[in-house]
Number of protein chains: 2
Amino acid sequence: MYNVIMKAEQLHQLIWMSRPLMQAAEACVEAGLVGTNLTVRMRAVLEMLDKYGEQTVPEIAARLEIKRQYVQIMCNETLASGLVEQRPNPRHKRSPVLALTDHGRTLIEEIISNEMKLMERVGANLSGENISTALEVVLTVADRLKTQAGESE
Amino acid sequence: MYNVIMKAEQLHQLIWMSRPLMQAAEACVEAGLVGTNLTVRMRAVLEMLDKYGEQTVPEIAARLEIKRQYVQIMCNETLASGLVEQRPNPRHKRSPVLALTDHGRTLIEEIISNEMKLMERVGANLSGENISTALEVVLTVADRLKTQAGESE
DNA sequence: TCAAAATGACATGTATAATGTCATTATGAA
DNA sequence: TTCATAATGACATTATACATGTCATTTTGA
């Protein structure tokens, strides 16, 4: 019985750490962008293109789970920077595919590499075991919460 | 070497789950508020008063780490609901203390109890061990990120 | 006593989106 | 081939959740 309550409380604490965690993470990303002319949302576009290859705006929107209209703005901004270019899309003649330019690829990969170095520092005295466990728990919890959102009443 | 990279990547994944996790959690809270006339921010005020007892607006703001001007708005809204009342503040004659009314206490405690039940369902097939580990990891990571935000370059 | 700080109130600004709408294709089924 | 339907980009509007700035009025504490 006590166990159940303890679990619930720790879970509660875990879940609500997600906000400060996110804020801290975003602050780190922003800090890593100082000096480049990138904004956080431009970085997000570059990351998607680096990670999943060239895509259309609606595809990026689907991956980011953000409405296409806003992602369009993000992408237009990024296009203007010259880090990304449009290429003809064989699958849809009106919706060009976005792709990293060489400059864009170099930049985003350097940024991500720096972020990974930060991860190494942050994880320095945590065991791989524990990180794995934490990731698993968080994935499970997020999944459950998404499911149970409506059924709480 | 591989270990270090694996760790960094899992950590990265863990950290960036914080956003969807938060969104899912907030959706659950909102779902639990349907039927009451509460908004999420009114709920936050009630929770602070329930958890830490009667307080002034600036005190609540400090706990929530939100600017007092906005917390003032949240509190005024909550006051209008009758779930909270003002009481003379012996420590500061111009800044009344906010306290839950009986109705307010009943309501927030029921809401939180329901949220805890949700936690129990969500944690049902996770071990207390693993939840503890996850919490510890997340707390550590959040702490480190806050520290290292500026030093990434 | 008196300068500095705290508080409430109000106005405005900002970032990150969602939503609505339109004209223009593009697509796919009959 | 045609034609209804869907997809896309562009633009406008609205929403949310805050931060910031400012002011008048206490309040406090040295």
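Proteins come first, then strands; the chains are lettered A, B, ... in the order of their sequence lines, and each starts at number 1. Quantities reported herein were computed from a predicted structural model and do not represent experimental measurements.
The OH-C1' distance, from A:Tyr70 to D:dC11, rounds to 16 Å in whole Å. Taking atom CD1 on A:Ile73 and atom C1' on C:dG20, their separation rounds to 13 Å, with Å as the unit. With rounding to whole Å, A:Leu64 atom CG is found 12 Å from C:dA17 atom C1'. In this structure, the CD atom of B:Glu26 is 13 Å from the P atom of C:dA17, given to the nearest Å. Protein atom CG of B:Asn89 is 8 Å distant from nucleotide atom P of D:dT28, rounded to whole Å. Rounded to an integer number of Å, the gap from B:Met22 CE to C:dA17 P is 11 Å. The NZ-P distance, from B:Lys67 to D:dG21, rounds to 10 Å in whole Å. Per the geometry, CD1 belonging to B:Ile66 stands 15 Å off C1' belonging to D:dT20, to the nearest Å.
Side-chain atoms of B:Lys7 come within 3.5 Å of backbone N or O of A:Gly123 as a donor-acceptor pair.
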Item to check | Contact letters for nucleotides 2-10 of chain D, in which S counts primed atoms plus P, OP1 and OP2 and B counts the base, heavy atoms under 4.0 Å | outcome: -----BBBB
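Contact annotation: B:Arg19 does not reach the phosphate of C:dT16 (side-chain N/O to OP1 or OP2, under 4.0 Å).
Within 4.0 Å (heavy atoms only), B:Lys93 reaches sugar-phosphate atoms of the nucleic acid but no base atom.
Of all non-hydrogen atoms in A:Ile60 and A:Cys75, the two that sit nearest each other are CD1-SG, 4.0 Å. What you find for A:Lys146 and B:Ala24 is that their closest heavy atoms are CG-CB, 4.0 Å.
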Checklist entry - Stepwise, does the side-chain contact (heavy atoms from CB on, under 4.5 Å) test hold for A:Arg105 with A:Thr101? => result CA-CA 6 Å; A:Arg105 179 174 311 282; A:Thr101 60; over 6 Å; no
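For A:Arg91, the CZ atom is loosely surrounded, since the number of other residues' heavy atoms within 6.0 Å does not exceed 12. Heavy-atom contacts from other residues, nucleotides or ligands closer than 6.0 Å to CD of A:Glu136 number 12 or fewer.
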